[in-house]
Number of protein chains: 2
Amino acid sequence: MARVTIKDIARTARVTPTTVSNVINGRHARVSKKTIQHVRQVVAHLGYTPNQTARSLVSSVSKLVGVLIPFTEDRNKLLLDNPFYGEMVSGIESSLRANGYHMMLAGIDEGNIDLAPFLQWNVDALIVLGVYQDLLYSSVRSLDLPTLLIDSYVRDDHFFNLRLDDKLAAHQATTHLIDNGHRRISFVAGAIREDGVIARRHEGYRAALSERGIAYDPDLVFTGSVSFDYGKKVASAIASDPSITAAFCAADLIATGLMSGLQMEGRRIPEDISVMGFDNISIGKMLYPALTTVDQGILARGESAGSLITSALAGQAVPKDMRTPTTIIERASVATIGNARRG
Amino acid sequence: MARVTIKDIARTARVTPTTVSNVINGRHARVSKKTIQHVRQVVAHLGYTPNQTARSLVSSVSKLVGVLIPFTEDRNKLLLDNPFYGEMVSGIESSLRANGYHMMLAGIDEGNIDLAPFLQWNVDALIVLGVYQDLLYSSVRSLDLPTLLIDSYVRDDHFFNLRLDDKLAAHQATTHLIDNGHRRISFVAGAIREDGVIARRHEGYRAALSERGIAYDPDLVFTGSVSFDYGKKVASAIASDPSITAAFCAADLIATGLMSGLQMEGRRIPEDISVMGFDNISIGKMLYPALTTVDQGILARGESAGSLITSALAGQAVPKDMRTPTTIIERASVATIGNARRG
DNA sequence: CTGAAAGCGCTTACAG
DNA sequence: CTGAAAGCGCTTACAG
């Protein structure tokens, strides 16, 4: 049995497709109450689902928003197995759906920017996660669609931005460590990029140090990639300097690797060394000891992203820049040492 | 500047839209070499991307495959923050894309089966992850689309199936524990459902026990949900029975919770108790000690799912039932005790 | 309040 | 080998 169309409804309701379209789309001013009732009954009875493909073609609104996330480095897989992206995408999808939209996911790597799927499907708007080279931004921009950048510091009025107060958050995290008696505090992070969050978190770390009269020591700073393996790799360097009593990692994934590496070297956490993370991905609470970290409310941010872009699409006034708050989650990976005062 | 269409190409190439369509779609038998060349040049020059929405409408193939994953229990979020689903979806997406398809993601919970997005977008096929009630299967079936079920044991010729040999895998895992000298082995899992994988893994566990002359003790079996919290909850029960020297968890997420709970009770892993998982999600290697587990090659399975459904769509003969192999990954959470022989 | 007509961007018989 | 025509399922002016 072929799928029921607007024509079928029209025929059995003895009206025209125009009228059916009007009641389906809630243009009630144009239809009598009686007709509305009747058409609705027929719709319910025949089990009609609008063909979005046809709608999209004629109205050029697809009710689709494209979401761009990075590919894995190696094999062109979506970075969805990274819990950060998994959770973020989950939040985006749910608020998109709540607002009558659907998500079209695509991956990018720096070398291969393929926006074709978005063009083919006529997406109404874009959300992009991650930081990229200029080429990506200019490509995206040329699509001329409402676009929301998450965690990017590129300056461009064309884009909406959803960010954290990264500098402040890192400042607070570092201060938390200092308040717990630590003075030799390592900073471990992904590569510092001008347009990225790490640069800001690094600034926050430095600011907190200097505020408390602690000299900045470049030897304590490690930057590589946002990955478990990198954290693990840094562990031996940190373990070999007993003066270091704490490490602030700019991503939980790094903190996880660092903890694992440190533990394999026989160091106890937090007795021998304290570790603090950033993000609050779900893994953190599964570790032993559980990770103390900066919560950025990933899921909620994803939802904000979805409703923000959706509001913009609905023509509502939406701020170009939105910041969401962070909080420190104290768990078990940070120890108080010396005669430190506790907050 | 409006988007370039097939008409634009036709006009500037001085041919008809029919001809343009023929060259774009590779129906070369119908067009002269010269025309092909020419049209291609114009296409490249004008920067044409086909409007999939129009294609889909007329040809009723959308090049979209719907992927159904469970919602979280609480709040209608996709279970993408669960690393198992994240990784699986990542694999599916990449092989779909490699075969010229795109993914449309939707969530389901038992109470609320909304297949409308798939209807609206005219998906060509379906992949469903997880086990559900009959209602879901009959709804999906009535869509009358090629459908692949992952990890389901419902019997229905309408569906393609992609499974593990769950019983065998659990048998091997349990035997591995026995080989390492363990005899009081706990089984911790999600709820046992007739159509699900847990029932098979439980069978494998029992079979391995009986094969080695170890009596099955129902008190050692814990079933709840596939979650970190459930594993953690079971920890105290297991810790309180010192005769238990090992636990086989039918999911890594459970094993993670169990380890954390056990460690909080002051038990050392694997010295005091061994823990074995199932799945090989990325978290396992991040734990300390790293989790010994059954690898099911999640990413590769996702890729298989994508290429299987894609082959079926291409009209190729595809087996109705496919099984992928598992292997045991030895890491650090299982100890050899007594005078056990090692494999 | 209701309907006839055109058209969105394509593909697909069919004719020549 | 090339083209004229119809039509996929809708929405949108426009007329009445």
Side-chain angles (χ1 to χ4, degrees), chain A residues 1-40 42-43 46-64 100 116 118-124, chain B residues 1-40 42-43 46-64 116-124:
Chain A
M1 185 192 67
R3 179 173 170 163
V4 7
T5 72
I6 223 173
K7 275 187 198 166
D8 299 322
I9 309 285
R11 196 177 318 117
T12 104
R14 301 189 177 286
V15 293
T16 48
T18 303
T19 299
V20 176
S21 174
N22 282 332
V23 356
I24 285 171
N25 292 292
R27 281 183 279 272
H28 291 170
R30 307 185 155 205
V31 195
S32 72
K33 281 217 163 54
K34 200 180 141 202
T35 306
I36 292 178
Q37 287 281 327
H38 183 49
V39 169
R40 280 198 178 144
V42 176
V43 164
L46 261 44
Y48 172 73
T49 307
N51 184 328
Q52 184 57 47
T53 253
R55 279 189 170 170
S56 177
L57 182 58
V58 56
S59 68
S60 70
V61 336
S62 63
K63 290 288 176 180
L64 238 33
F118 294 155
L119 273 173
Q120 289 174 235
W121 290 106
N122 247 306
V123 302
D124 296 336
Chain B
M1 183 195 65
R3 180 173 169 164
V4 6
T5 73
I6 223 173
K7 275 187 198 166
D8 299 324
I9 310 285
R11 196 177 317 117
T12 102
R14 300 190 179 285
V15 292
T16 49
T18 302
T19 298
V20 175
S21 174
N22 281 332
V23 357
I24 285 171
N25 292 291
R27 280 183 280 272
H28 292 171
R30 307 185 156 204
V31 196
S32 73
K33 281 217 162 52
K34 199 179 145 204
T35 307
I36 292 176
Q37 288 281 327
H38 182 48
V39 170
R40 280 199 177 141
V42 176
V43 164
L46 260 45
Y48 171 73
T49 307
N51 183 329
Q52 184 56 46
T53 253
R55 278 188 169 169
S56 177
L57 182 59
V58 56
S59 68
S60 68
V61 335
S62 63
K63 289 289 174 181
L64 237 34
F118 294 156
L119 273 173
Q120 288 173 236
W121 288 105
N122 247 306
V123 302
D124 295 336

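Heavy-atom basis, side chains included; hydrogens, waters and symmetry copies ignored. Computed from a predicted model, the values in this text were never measured in an experiment.
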Return the value, rounded to whole Å, for the distance between atom CD of Q120(B) and atom C1' of dC10(D).
13 Å
Is the number of heavy atoms from other residues, nucleotides or ligands under 6.0 Å of R27(B) CZ greater than 12?
yes
May I ask you to decide if R55(B)'s main-chain N or O and S59(B)'s side chain share a donor-acceptor pair within less than 3.5 Å?
yes
Of A54(B) and R27(B), the one whose closest nucleotide on DNA chain C sits nearer the 5' end is A54(B)
Output the rounded distance in Å from CG (N22(A)) to P (dT12(D)).
9 Å
Please tell me if the side chains of K7(B) and V20(B) come closer than 4.5 Å, counting only heavy atoms from C-beta onward.
no
Can a side-chain donor-acceptor contact be found between S32(A) and T35(A) if the only test is distance below 3.5 angstrom?
yes
For the side chain of T18(A) and the base of dA4(C), is some donor closer than 3.5 Å to an acceptor across the two?
yes
Separation of dT12(C) C1' from L57(B) CG (nearest whole Å)
13 Å
Could you tell me whether the phosphate oxygens of dC10(D), OP1 or OP2, come under 4.0 Å of any side-chain nitrogen or oxygen in R55(A)?
no
Complementary nucleotide of dA4(C), counting Watson-Crick and G-U pairs under 3.5 Å
none
Between the side chains of S56(B) and N122(B), is a donor N or O closer than 3.5 angstrom to an acceptor N or O?
no
To the nearest angstrom, how far is N25(A) atom CG from dT12(D) atom P?
7 Å
Examine distances only and state if a side-chain atom of D124(B) and a backbone atom of V61(B) form a donor-acceptor pair shorter than 3.5 Å.
no
Mind checking T35(B) for me? I need base, sugar-phosphate or nothing, with any heavy atom below 4.0 Å counting as a touch.
sugar-phosphate
Round to a whole Å and report the spacing from CG of N51(A) to C1' of dG7(D).
14 Å
Give a yes/no on whether any side-chain N or O of S60(B) is located under 4.0 angstrom from OP1 or OP2 of dC8(D).
no
Could you state the CZ-C1' distance from R14(A) to dG3(C), rounded to the nearest angstrom?
16 Å
Over how many whole Å does the gap from R11(A) atom CZ to dG9(D) atom C1' extend?
13 Å
OP1 or OP2 of dG3(D) versus the side-chain N and O atoms of T16(B): is any pair under 4.0 Å?
yes
Paired with dA13(C): which nucleotide, if any, by Watson-Crick or G-U wobble criteria at under 3.5 Å for both distances?
none
For DNA chain D, whose closest nucleotide is more 5', that of V58(A) or that of S59(B)?
S59(B)
Mind checking if S56(A) touches a base, just sugar-phosphate, or nothing, with heavy atoms under 4.0 Å?
nothing
d(CD1, I9(A); C1', dT11(D)) in whole Å
16 Å
In terms of side-chain heavy atoms of V31(A), which of dT2(C), dT2(D), dG7(D) is nearest?
dT2(C)
Is any side-chain N or O of K7(B) closer than 4.0 Å to OP1 or OP2 of dC8(C)?
yes
Quick one: label S32(A) by what it contacts on the DNA or RNA (base, sugar-phosphate, nothing), any heavy atom closer than 4.0 Å.
sugar-phosphate
